[in-house]
Amino acid sequence: MSIFSKLKGMAAIRGELNELGIDPFDIKIDKIITPTEGIVQGRHTILAGTNNYLGLTFDRQCIEETHKALEHEGTGTTGSRMANGSYSGHRKLEEELAAFYGKKEGIVFSTGYLANLGMLSTLAGPDDTVLLDTDCHASIYDGLRLGGAKAVRFRHNNIENLVKRMERLGEKAKETLIVVEGLYSMLGDRALLKEIVEVKKEYGGYLMVDEAHSLGVMGDRGCGLAEELNLLDDIDFIIGTFSKSLGGTGGFCVSDHPEMELIRYSSRPYVFTASPAPATIAATRQALKALEAGTHLRKRLKENSERLHNGLSDLGFTLAAPASPVIAVVFNGKMEALQFWNDLMHLGIYVNLMFPPATPKGLYLIRCSVSAAHTTEQIDTIINAFAELQLGLTNSAVVHGN
Amino acid sequence: MLEYQRILAVITSGLKARTKGRFEINENTDLANQLNLDSIQAMELLLDVEDQLDVSIPVSVLSNVKTVKELVLAILNITRGEE
């Protein structure tokens with residue numbers, strides 16, 4: 001036994017991948033060309049696994065704002081938000097995010113992971129019960145662990161399961177926090193948010209929605225699923241990230257609760273880390289404007305998502321959910337998914353390979369993330385690559401119908 | 001009140017189903033080391049147990065248990081706390 005013994009499971013996984021010579025978890029993008037193209041493994045590659053939903057990473061105005069901030073405010077803040085790390089841009093972005101959602105308060109965190117960690121560890125302590133959907137992101141689990149909350153899971157999107165847990169809580173249901181996501185990142189399916197809001201209305205409690213993958217994607221103004229379903233007023237805490245549709249890094253929470261200011265000062269992941277660099281804040285502020293005005297981008301994203309979803313579905317692939325910018329293709333097992341992923345790389349297509357325990361239900365997934373910046377030709381190239389490789393899967397349950 | 005034996009029976013049958021009957025399971029069985037149960041599988045087991053016993057179990061219950069017996073006792077504690 002040594003301090004490293006606990007890593008033997010990981011060592012076995014790494015060893016197996018090394019032996020195969022396929023390593024989806026150690027990809028280096030040698031050169032990034034556009035939001036949807038790069039040079040990977042020496043090949044010109046279409047990037048379809050980047051969460052860059054609106055393609056804003058190369059937006060001209062965002063880059064210009066970044067340059068200005070870099071020139072005038074320097075490379076970094078060198079401090080915590082609570083000490084020297086809050087510049088005027090940080091506070092302005094918080095106000096702009098709050099206004100965007102029609103909420104009173106906003107807090108900016110250094111990453112999306114830290115936004116969940118910071119909010120949940122502060123809101124929910126050892127005396128609090130939090131009900132979370134089983135498919136919630138690791139940052140939600142980790143935040144609840146950090147705060148020592150009683151985290152009780154309910155089956156994914158299973159309203160009956162949620163109701164049962166609320167009923168068991170009795171009077172305490174009024175104090176509980178329910179946590180769900182807008183668009184679940186593994187399977188690409190949406191929360192049954194209307195039904196969950198109904199549960200909250202009947203039993204009481206608070207509701208947090210992580211819109212990491214739905215920000216910029218859903219709703220007329222791009223606020224996310226809550227806006228699309230006209231439920232923004234029913235959500236107590238909305239979490240989001242800058243690192244997907246906004247093309248930067250950072251995270252946030254907006255809320256109408258006046259206690260947000262106290263949460264800010266009590267939140268260890270807010271206090272004990274350096275604040276985002278001024279250039280990141282400047283880029284994000286500009287990206288938020290582009291996102292809000294980006295109805296054309298959302299339209300384009302929807303068209304691209306539907307084209308890829310229909311294309312793969314027509315080929316007979318098993319897709320985990322209806323069309324969204326997250327399109328998860330279900331494979332029969334580890335080796336099949338690994339081989340297919342590797343063959344896609346050789347055809348110049350980069351997508352994400354997702355294995356348990358990161359995936360629900362022990363699924364092996366190839367996850368495509370679609371961008372508004374993908375051209376129709378790129379989408380068709382991806383579909384054609386899947387079609388070409390499908391021939392090697394003829395005995396597989398993946399292919400049914402052709 | 002839910003009794004020790006009842007909880008033990010539910011957990012044992014849940015574990016047998018999840019490990020496809022490949023292991024002999026008793027109170028001293030080590031969940032991670034003998035059954036190779038990872039954190040996700042352990043949480044899935046909890047969902048089944050919650051349904052069958054009609055009780056909510058926080059996932060943190062898993063962080064301090066190694067054996068089947070320890071898990072049964074931890075769940076027994078929770079059910080008693082609720083009653």
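Since the model is a prediction, treat every value here as computed from it, not as a measurement. Reminder, nothing fancy here: chain letters follow the sequence lines and each chain counts from 1.
No more than 12 heavy-atom neighbours from other residues, nucleotides or ligands sit within 6.0 angstrom of CZ on A/Arg268. In A/Phe4, the CZ atom is not crowded: 12 or fewer heavy atoms of neighbouring residues, nucleotides or ligands sit closer than 6.0 Å. Counting non-hydrogen atoms of neighbouring residues, nucleotides and ligands closer than 6.0 angstrom, the OH atom of A/Tyr206 reaches no more than 12 such neighbours.
Closest of all the heavy-atom pairs between B/Ile40 and A/Pro357 is CG1-CB, 3.1 Å. Contact between B/Ser56 and A/Val152 at its shortest, heavy atoms only, is CB-CG1, 3.9 Å.
For the pair B/Asp51/A/Asn161, a side-chain contact is recorded, criterion being any heavy-atom separation below 4.5 Å from C-beta on.
With chain B as partner, the option from A/Gly170, A/Ala151, A/Pro356 having the largest number of non-hydrogen pairs under 4.5 angstrom is A/Ala151. With respect to chain B, the highest number of heavy-atom pairs below 4.5 Å among A/Arg165, A/Arg145, A/Arg153, A/Lys150 belongs to A/Arg153.
Atom CG of B/Leu47 and atom NE2 of A/His156 lie 12.5 Å apart (nearest 0.5 Å). For the atom pair A/Arg168 CZ and B/Asp54 CG, the distance stands at 4.5 Å (nearest 0.5 Å).
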Item to check | Chi angles and distances behind the side chain to side chain contact (heavy atoms under 4.5 Å, CB included) call for A/Thr134, B/Met43 | outcome: CA-CA 9 Å; A/Thr134 50; B/Met43 286 198 292; over 6 Å; no

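Both the backbone and the side chain of B/Glu50 come within contact range of chain A, with heavy atoms under 4.5 Å apart.
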